[in-house]
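Below is one structure, written out as C-alpha cells; the observations come after it.
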Protein chains: 2
Amino acid sequence: MDLVDNPDLPYNVFAKACPSRGTLEHVTGRWGALTLGALSEGSLRFNELRRRVDGVSEKMLSQTLQALERDGLVHRDAQPTNPPRVDYELTPLGHEVAGRLLGLIHFVEGRMDEVLAARERYDTARGGR
Amino acid sequence: MDLVDNPDLPYNVFAKACPSRGTLEHVTGRWGALTLGALSEGSLRFNELRRRVDGVSEKMLSQTLQALERDGLVHRDAQPTNPPRVDYELTPLGHEVAGRLLGLIHFVEGRMDEVLAARERYDTARGGR
DNA sequence: CGGGATCCCTGCTGATACTG
DNA sequence: CAGTATCAGCAGGGATCCCG
C-alpha cells in the first residue's frame, strides 16, 4: 500500500514536527553526508577529516561532528595526552547509515554523465531565459 | 581497497569542485529528499506536493523542482489548459535515486528510538552546558 | 593538534502580492 | 491552479583569533 509512509511507525519525516526530520537533515546535510562517508572507511582524527572533506571549515566540521555524536552515529574518542589526540569513528548505527549514504553517493557519481547531459538539454531548451 | 573513492570514476563528491557534490546536495537537501520521496509513489501536482511536504514554501518547492528537473530526476508535464494543470513525476533515474533515499529515510525513521536515546545520554552527560 | 569564542556577511527562507 | 517577483530577517557558514 503506502510505500512512503509506514503507518506502523510513530515517526514520519514528511511531518514538519517529527524529530526524524532533524536527524535526516543531520545525516543528509551538506557536511553530514560527507563526514559520514569519510568515516565509513575507518576512524579519522579531526584534521584528517578536515582534509578529507574538502571545503569544510573548522567550525562546521566540529558542529557537524557534535550533531552526529549526539544522534549516536559517531563516537568520539579523546585521549588526554599532549598534544591532544581525538579520533572519530562510526558507531554500529552510524555504519548502517553511512552504508546507505555511500550507496547513494556512488550512484550519483556513477550517473553524473546523465545528469550533466540533462542539464545541458534543460539549459539550451530555455537557454535565452 | 578504497571503499569511498572509486578511482575508476571521474567524479568524486569529496572534492570541492566536483559537480557531483552539487547534485548530491540537490538530492539530499532539506526539500530535495522529501520531494523525491513524495514523488516516488507516483505523479503529483504542485499543490498536492506542497501539502505532502509539510512546511515547504511555494518558493522553495518551485526552486527545488526546477533543480531536480534540470538534473534530469523529475519530469514536468504542463498542460496548457485553463485552469493550468502541471504534473510532476520521477524519471527512471529519479526513481533509482528516490529508492535509495527512501531506504535511508525509512531506516532513520525505524531507528529514531535509538537516536533519541543517544541524545538523552549525550545531553545528560554534559547536561550543565 | 583539537577545538571554542567572535565577528560578520551572504544567501536561504518565509510572507506577501501579482499574473495568466 | 501554478507559479513568479519582491522584500525583509535571521541563521548558516566562513574567517580569524585564541586557549589547553
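Every chain is numbered from 1, with letters handed out A, B, ... down the list of sequences. What you see is a predicted model, and the numbers here were worked out from it, not measured in a lab. Just the heavy atoms: all of them, side chains too, but no hydrogens, waters or symmetry mates, feed the values below.
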Partners passing side chain to side chain donor-acceptor pair (under 3.5 Å) against B:R70 (at least two apart in sequence or in another chain): A:D123

4.5 Å side-chain heavy-atom contact, A:L93 and B:V115: yes

Check residues 75-85 of chain A and write down every donor-acceptor pair under 3.5 Å in which the side-chain atom is one partner and the other belongs to a residue at least two apart or another chain.
{"residue": "A:R76", "atom": "NE", "partner": "A:Y88", "partner atom": "OH", "Å": "3.3"}
{"residue": "A:T81", "atom": "OG1", "partner": "A:P83", "partner atom": "O", "Å": "2.9"}
{"residue": "A:R85", "atom": "NE", "partner": "A:D87", "partner atom": "OD1", "Å": "3.0"}

Inter-axis angle, terminal five-pair segments of the helix from C:dC1-D:dG20 to C:dG20-D:dC1 [nearest 10°]: 50°

4.5 Å side-chain heavy-atom contact, A:E109 and B:V13: yes

Under 3.5 Å: donor-acceptor pair, side chain of A:T91, backbone of A:G72: yes

Residues within residues 77-91 of chain B bordering DNA chain D, heavy-atom distance below 4.0 Å: B:P84, B:V86, B:Y88

Results of side chain to side chain donor-acceptor pair (under 3.5 Å) for A:E120 - residues two or more places apart only: none

Any residue meeting side chain to side chain donor-acceptor pair (under 3.5 Å) with B:R119, in chain and number order, not counting sequence neighbours: A:T23, A:D71

Which residues share a side chain to side chain donor-acceptor pair (under 3.5 Å) with A:Q63, sequence neighbours left out: none

Qualifying residues under side-chain contact (heavy atoms from CB on, under 4.5 Å), relative to A:T64, sequence neighbours excluded: A:W31, A:T35, A:L68

Listed partners of B:R100 passing side-chain contact (heavy atoms from CB on, under 4.5 Å), at least two apart: A:L104, A:F107

Touch class at under 4.0 angstrom, heavy-atom based, for A:R50 against every strand present: nothing

Nucleotide C:dG14, atom P - distance to CG of B:D54 in whole Å: 11 Å

Minimum heavy-atom distance between A:S43 and A:E89, given as atom pair plus value: CB-CB, 3.7 Å

Segment of DNA chain D, first to last nucleotide, that comes within the 4.0 Å heavy-atom reach of chain A: D:dG13 to D:dG20

Whichever of A:W31 and B:N47 has its nearest DNA chain D nucleotide further upstream toward 5': B:N47

By side-chain contact (heavy atoms from CB on, under 4.5 Å) - contacts of A:A98 (at least two apart): A:L36, A:S40, A:L90

Strand contacts (DNA chain C) in residues 58-75 of chain A, 4.0 angstrom heavy-atom criterion: A:E58, A:K59, A:S62, A:Q66

B:H95 and B:L39, any side-chain heavy atoms less than 4.5 Å apart: no

